[in-house]
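Only one structure is covered here, and it is reproduced in the block below.
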Number of protein chains: 2
Amino acid sequence: MNGEVSLQTFHRMPQYLKALYEFKKEGRENISSVQLAEALNMTPSIVKKDLSQAKIQDGKPKVGYAIGDLIAGISEFLGYNNLKEAVLVGAGKLGQALLGYEGFGEYGLNIVAGFDIDDSIIGGKIHGKPILPTGKLQGAIEKLGIKIAILTVPAEHAQAMADLLVKAGIRAVWNFTTAHIQVPENIAVRNENMASSLAVLSAQLQEIIKKEEAQN
Amino acid sequence: MNGEVSLQTFHRMPQYLKALYEFKKEGRENISSVQLAEALNMTPSIVKKDLSQAKIQDGKPKVGYAIGDLIAGISEFLGYNNLKEAVLVGAGKLGQALLGYEGFGEYGLNIVAGFDIDDSIIGGKIHGKPILPTGKLQGAIEKLGIKIAILTVPAEHAQAMADLLVKAGIRAVWNFTTAHIQVPENIAVRNENMASSLAVLSAQLQEIIKKEEAQN
DNA sequence: ATAATATCGATAAAAAAATATCGATTAAAT
DNA sequence: ATTTAATCGATATTTTTTTATCGATATTAT
């Protein structure tokens, strides 16, 4: 799906960025793959490989990489510089929390509006973002050329809404519902499935406890 | 970290469950690995392998698996039957959304209380969950023997709070902050990093658009 | 100036994960 | 009753991802 660079690599990139900002704040100017790896519980090998994928190849022996270069390179690689506009569909509890999430701006994402069917919130603003009726969704997407939709409707409406979004021209869906949505293969979907995450966490916990019991 | 079963497998399990409930609702009683794979855009091989990991091995040739057995088996495997209690730390926007998230109960997770430093919400309830001062966190964890913490504090307080949680006896941290937290290796951490997810989604979108431009 | 050492970056090796294959088996069709 | 077709479940293969190795090189120390 992704040409050369693996999704795991993309997943790690923002972590590097986060750590790099920390180091920068401490006054550091250079950092080696060893140190970056240590800060994030990774191996130097994977750090070096990831950075080379982002076309960052100006590390110096005995010194490491220039932190400023890394930050610029990764930000560019992740497209944080060119702002991407998005719509949020379903302004319920989770949707409202996301509308108020201030981190998105840093990542080059701007939510231009929320859409909902609830008349009591339509016409107003939530965290500064206008809430519009879903009837206006298609028009807005087409008119503004918006490519990304954040999906926070109830699970039972997820597929129908996804169909509508695709029809309106959306190219990427960030799916926060528990539903698995089917879309054409030229549409990107990212599932933010809490059940999945919780399952993994529980599994890790169970394993840890089992290990301990085995020791006693 | 996880003995035999991979985290990817755990990640897929709730997806199977979701799909199985759908099929059940439609009146189906049996399902083959081929059909389940198709519904979730996977391969039959991976479905069969995952199910065998969950000790589900009663599929019948020409028929498939009994849906009821699968649901029971996966639920048991994921520990959805034995309720796990959790505390939520940081009752801001995201924290409040999670306090109100009704899906957790299904997954065997019960948030017993939220903790915060904001006097204007302490003592009250949010979505039915009591909000307590962080000063009472340690006592509550110890007294109730709680093993899981949901971390939704501002990023700059994440590490300090994680340290406190670990000291109080927490064994698993579900980290919704953007900070990378360091914990002892016998503590499970699951990072719900929106930046990472967004990076992956953006990458997919970029790839799709590039592909299209190449065609024109 | 020379030697020692830390690090990069490319490549090789290892490990992990996903996918394919295939004999056995069961239900349905003939 | 026999044949056909679909599916499981075990195993083998392939692919992907991670980790290790190592020569080249730049900085620091002697």
Side-chain angles (χ1 to χ4, degrees), chain A residues 1-13 15-16 19-20 23 28-70 73-74 77 196 199-200 203-204 207, chain B residues 1-13 15-16 19-20 23 28-70 73-74 77 196 199-200 203-204 207:
Chain A
M1 169 70 53
N2 236 297
E4 290 296 300
V5 184
S6 79
L7 296 186
Q8 276 95 325
T9 295
F10 278 105
H11 212 78
R12 284 187 293 264
M13 287 296 182
Q15 299 183 54
Y16 297 140
L20 288 166
F23 282 111
R28 296 281 306 274
E29 295 198 341
N30 295 288
I31 190 165
S32 72
S33 61
V34 178
Q35 294 165 320
L36 195 47
E38 198 171 354
L40 294 167
N41 295 122
M42 298 175 185
T43 63
S45 287
I46 203 78
V47 172
K48 287 190 281 182
K49 185 155 276 184
D50 282 343
L51 294 181
S52 82
Q53 303 249 274
K55 304 279 176 290
I56 293 165
Q57 282 162 320
D58 48 4
K60 275 194 279 188
K62 195 87 175 172
V63 174
Y65 305 87
I67 289 180
D69 290 358
L70 286 193
I74 296 174
F77 179 72
S196 286
V200 174
Q204 291 174 326
E207 188 65 22
Chain B
M1 168 74 47
N2 236 295
E4 289 296 300
V5 184
S6 80
L7 296 185
Q8 276 95 326
T9 295
F10 279 103
H11 211 79
R12 285 186 293 264
M13 288 295 182
Q15 298 183 55
Y16 297 140
L20 288 166
F23 281 111
R28 295 282 305 274
E29 295 198 341
N30 294 288
I31 191 165
S32 71
S33 60
V34 178
Q35 295 165 320
L36 194 47
E38 198 171 356
L40 294 166
N41 295 122
M42 298 175 185
T43 63
S45 287
I46 202 78
V47 172
K48 287 190 282 182
K49 185 159 276 187
D50 283 344
L51 294 181
S52 82
Q53 303 250 272
K55 304 280 177 288
I56 292 165
Q57 283 163 321
D58 47 3
K60 275 194 278 186
K62 195 85 178 178
V63 174
Y65 306 86
I67 290 180
D69 290 358
L70 286 192
I74 296 175
F77 179 72
S196 287
V200 174
Q204 290 174 326
E207 189 64 23

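Residue numbers start from 1 in every chain, and the chains themselves are labelled A, B, ... in the order their sequence lines are given, proteins ahead of strands. Quick caveat, the model's predicted, so the values are computed rather than measured. No hydrogens, no waters, no symmetry mates; every other heavy atom, side chains included, goes into these values.
Residue A/Leu7 contributes atom CG, which lies 16 Å from atom C1' of D/dT18 at whole-angstrom precision. Rounding to whole angstrom units, CD1 of residue B/Ile67 and P of D/dT7 are separated by 13 Å. Rounding to whole angstrom units, CD1 of residue B/Ile56 and C1' of D/dT7 are separated by 16 Å. Taking atom CD of B/Gln53 as the reference point, atom C1' of C/dA17 lies 11 Å away to the nearest angstrom. Rounding to whole angstrom units, NE2 of residue A/His11 and P of D/dT18 are separated by 11 Å. To the nearest angstrom, P of D/dA6 lies 17 Å from CG of B/Asn30. Rounded to whole Å, the distance from OH on A/Tyr65 to P on C/dA6 is 17 Å. At whole-Å resolution of the value, CD1 in A/Ile46 and C1' in C/dA10 are 15 Å apart.
Nucleic acid contact class of B/Asp58 (heavy atoms, under 4.0 Å, all strands): sugar-phosphate only. Across all strands shown, A/Asp50 has no heavy atoms under 4.0 Å from either base or sugar-phosphate atoms.
Atom CE of B/Met13 sits about 6.0 Å away from atom CG of B/Leu51, to the nearest 0.5 Å. Taken from CG in B/Asp69 to CD1 in B/Ile56, the straight-line distance is 8.0 Å, to the nearest 0.5 Å. Here OG of A/Ser33 is found 10.5 Å from CG of A/Leu70. Values are rounded to the nearest 0.5 Å.
An OP1 or OP2 oxygen of C/dA17 is reached within less than 4.0 angstrom by no side-chain nitrogen or oxygen of B/Arg12.
Partners of B/Phe77 by ring-ring contact (aromatic ring centres under 6.0 Å, His included), not counting sequence neighbours, listed by chain and number: B/Phe10. For B/Gln53, the side-chain contact (heavy atoms from CB on, under 4.5 Å) partners at least two apart in sequence or on another chain are B/Val5, B/Thr9. Scanning for side-chain contact (heavy atoms from CB on, under 4.5 Å) contacts around A/Ala37 gives A/Met42, A/Pro44, A/Val47, with sequence neighbours left out.
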What side-chain donor-acceptor pairs closer than 3.5 Å can you find for residues 60-67 of chain B, not counting sequence neighbours?
none

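Of all heavy-atom pairs between B/Tyr16 and B/Ile46, the closest is OH-O, 3.8 Å.
Using a 4.0 Å cutoff on non-hydrogen atoms, the parts of residues 31-38 of chain A near DNA chain C are A/Ser32, A/Ser33, ordered by number.
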Give every pair of a protein N or O atom and an N or O atom of nucleotides 20-29 of chain D that lie under 3.5 Å apart, one pair per line with the distance.
from: D/dA20; atom 1: N7; to: A/Ser45; atom 2: OG; distance (Å): 2.6

request  = Could you go through the side chain to side chain contact (heavy atoms under 4.5 Å, CB included) check for A/Leu7 and A/His11 one step at a time?
outcome  = CA-CA 6 Å; A/Leu7 296 186; A/His11 212 78; over 6 Å; no
